[in-house]
Novice: 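If you scroll down you'll find the structure; I have some questions about it.
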Amino acid sequence: MFARSARHRETPPGPHYKWVALSNTTLGVLIATMDASIVIISLPAIFRGIGLDPLAAGNIGYLLWMILGYLLVSAVLVVVLGRLGDMFGRVRIYNLGFLVFACASVALSLDPFRAGAGALWLILWRMVQAFGGSMLTANSAAILTDAFPARQRGMALGVNQITALAGQFLGLLAGGLLAAVDWRAVFWVSVPVSVSGTIWSYLSLRETAAGGRGRIDWLGNVTFATGAGVLLAGITYGIQPYGGHATGWTNPWVLSGLIGGAVLLLAFCVIESRVAEPMFRLSLFRVRAFAAGNLAALLTAIARGGLQFMLIIWLQGIWLPLHGYDFEDTPLWAGIFMLPLTVGFLVAGPVSGYLSDRFGARLFSTTGLLLVAGSFVGLLALPVDFDYGTFAALLVLSGLGQGMFSSPNTSSIMGSVPARYRGVASGMRSTFQNSGTALSIGVFFSLMVSGLASSLPSTLSSGLQAHGVPAATAHQAASLPPVSTLFATFLGNNPIGHLLSGGGTLDRLTDAQRATLTGHTFFPELVSGPFHHGLTIVFGVAAGMALIAALASALRGGHERADGDAPDPSPKDRPTRRTARSS
């Protein structure tokens, strides 16, 4: 079949090929981004299924790596895989990505182990799945840029980009629905989609741009992968407590990872400026639209990641229980109540992408980021127990703003680089976006934990003692790291029930005291003050990032010409006459 499809791709694509490319790559990025978030909501069912308490001592690492392993691999490998697409064919690497993704999805659903071994199986195969997903996301934008004429490129990239962003939130809803059926169903759902997508991509997609064989920048690849991986891993472990501190930023291993990763990335920049065929085209940053667009994308990804995780905790840990929802049901309902955000994406993305083809990216992307900043300010003004209509309106506003930004920004970035660098440019763009999501977890969880650490222990201790819990037990429960309390709400567990489950404390209380402590309202009312303090810090920082991103977007330059390929960024990178003709 693959040999026949290879001969099929040698024929020139027909006038409708661009729509085939759009539909297939949209399916690819949808399943890749959905699987990046589908596990977040379904983690309670997954860990119950393999018989592991993720909040027990020593098990938080499994929890973190289930969430972050996929993001770390995606952030590290997309540039490498985009460069390989430039060299060996974007469609070839993309098709292989669908195949790897399908195989990993099957392996995940067949986890044969339990407890720690079962968690390690899932973490490792999630990383393999992320490897396949990175092949898809690194080359999808380049395939579309090759397939569509410049006058329609913004619309096509808009549909693709907004589908990718919407997939992150649809994954939350799908995870909640499927986890209620069976934890393995969370992974089963990817199997038919990825298998059918693999067959379809091999049969229908064609190479429309000539690949340029060249040398692989091994030193640059190794330095970047190691530096980025160590840096992001250090940030990941910075969330966990160390010694007497609520977070681990003073941990020597975390500091070594941060410093070592930064040094390796600096060495990578030096290497890339000196090798003949670099993995990371630093010269592309001389293109103002490329540099400004990627800076804006990085800051927006950090702010968006903070929004996603803080909204989940806000809904699952406080608002939904206050409104009578059982803690076990809150993951599913959190996904449902966040749908207005996805609606905003889906409405604004394609429309702004289409309009940006005519009027340029700067107006729409900058205005969109100002709307995002405004939505953060609006969320800051809400009480913890908010009116849902106002909350939903702010989510729609944020979704509209992110949709207005993402589509034109992606089109501007991809349209500003020469055709033969589109694979690596797509990978660089995805690297900034995926790194921003990974960074957001470290940045915003640390900010939230710092906000909680100042007031939550005393509030929790006094609240427990007021309802009959012995002072020693109350102090012990309140002395546990705030990150454990955050993760308990994140997983849809009743934190009080979890904190007092050991030692028979609940059994020694009266029925009324036990019902109050483990009910829907005690913990949300107790934590609402400290949580809102932390939330103010988080959303304030996110609003500032959105405003800086808006400034970067405004500085990208005027409307780009829609008349074909962008010029080379420097004379050094200009192709020979023969190469230019073949490109």
Side-chain angles (χ1 to χ4, degrees), residues 37 40-41 162 165-177 300 303-352 367-406 444 448 489-490 492 519-543 546-547:
S37 62
I40 294 174
I41 287 292
I162 292 305
L165 295 177
Q168 296 179 11
F169 292 95
L170 291 175
L172 301 177
L173 178 60
L177 292 170
T300 304
R304 181 172 57 247
L307 175 70
Q308 174 178 316
F309 286 101
M310 292 306 111
L311 289 182
I312 292 172
I313 294 171
W314 194 354
L315 288 170
Q316 292 185 188
I318 298 178
W319 193 84
L320 287 168
L322 283 177
H323 288 258
Y325 292 84
D326 292 333
F327 278 92
E328 293 77 10
D329 297 332
T330 57
L332 170 61
W333 285 103
I336 293 174
F337 280 110
M338 287 170 64
L339 280 177
L341 188 62
T342 305
V343 171
F345 283 149
L346 297 177
V347 169
V351 174
S352 62
T367 303
L369 289 173
L370 292 175
L371 293 180
V372 171
S375 69
F376 278 119
V377 174
L379 289 170
L380 276 173
L382 287 182
V384 173
D385 188 11
F386 50 78
D387 172 70
Y388 180 73
T390 305
F391 179 77
L394 288 171
L395 292 191
V396 171
L397 181 66
S398 180
L400 289 172
Q402 292 184 52
M404 287 180 65
F405 163 74
S406 297
F444 289 116
M448 177 59 75
T489 61
F490 193 73
H520 294 158
T521 60
F522 174 76
F523 176 77
E525 291 176 349
L526 188 73
V527 79
S528 61
F531 176 81
H532 192 265
H533 173 65
L535 197 68
T536 300
I537 298 172
V538 168
F539 283 164
V541 172
L547 289 174

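The basis for the numbers below is simple: all heavy atoms, side chains too, and nothing from hydrogens, waters or symmetry mates.
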Novice: Rounded at 0.5 Å granularity, tell me how far NE2 in His323 sits from CD1 in Ile318.
Specialist: 11.0 Å
Novice: Can you tell which of Leu341, Val538, Val372 makes a side chain to side chain contact (heavy atoms under 4.5 Å, CB included) with Leu307?
Specialist: Leu341
Novice: Once you round to the nearest 0.5 Å, how far does CG of Leu370 lie from CG of Leu547?
Specialist: 7.0 Å
Novice: Say you draw a straight line from CG of Leu320 to CD1 of Ile336; how long is it, rounded to the nearest 0.5 Å?
Specialist: 9.5 Å
Novice: Can you name the closest pair of heavy atoms from Arg304 and Phe345 and give their distance?
Specialist: CD-CZ, 4.2 Å
Novice: To the nearest 0.5 Å, how far apart are CD1 in Ile313 and CG in Leu535?
Specialist: 9.5 Å
Novice: Looking only at non-hydrogen atoms, find the nearest pair between Pro524 and Pro321 and report the distance.
Specialist: CG-CB, 3.7 Å
Novice: In Å and rounded to the nearest 0.5 Å, what is the CD to CG distance from Glu525 to Leu322?
Specialist: 6.0 Å
Novice: Could you measure the distance from the CZ atom of Phe405 to the CG atom of Leu400? Nearest 0.5 Å is fine.
Specialist: 15.5 Å
Novice: Any side-chain to backbone donor/acceptor pair from Tyr388 onto Phe337? Under 3.5 Å, distance only.
Specialist: yes
Novice: Between Phe376 and Phe539, what is the ring plane arrangement, given parallel below 30°, perpendicular above 60°, and tilted in between?
Specialist: tilted
Novice: Using the rule given for side-chain contact (heavy atoms from CB on, under 4.5 Å), can you reason through Phe391 versus Leu379, listing the C-alpha separation, both sets of side-chain angles and the distance that settles it, and then say yes or no?
Specialist: CA-CA 7 Å; Phe391 179 77; Leu379 289 170; 4.0 Å; yes
Novice: Would a distance-only check, ignoring hydrogens and angles, find a side-chain to backbone donor-acceptor pair under 3.5 Å from Trp314 to Val384?
Specialist: yes
Novice: Taking the side chain from Ser398 and the backbone from Leu394, do they hold a donor-acceptor pair closer than 3.5 Å?
Specialist: no
Novice: Please find the pair of heavy atoms, one from Met338 and one from Leu395, that lie closest to each other, and give the distance.
Specialist: CA-CD1, 4.0 Å
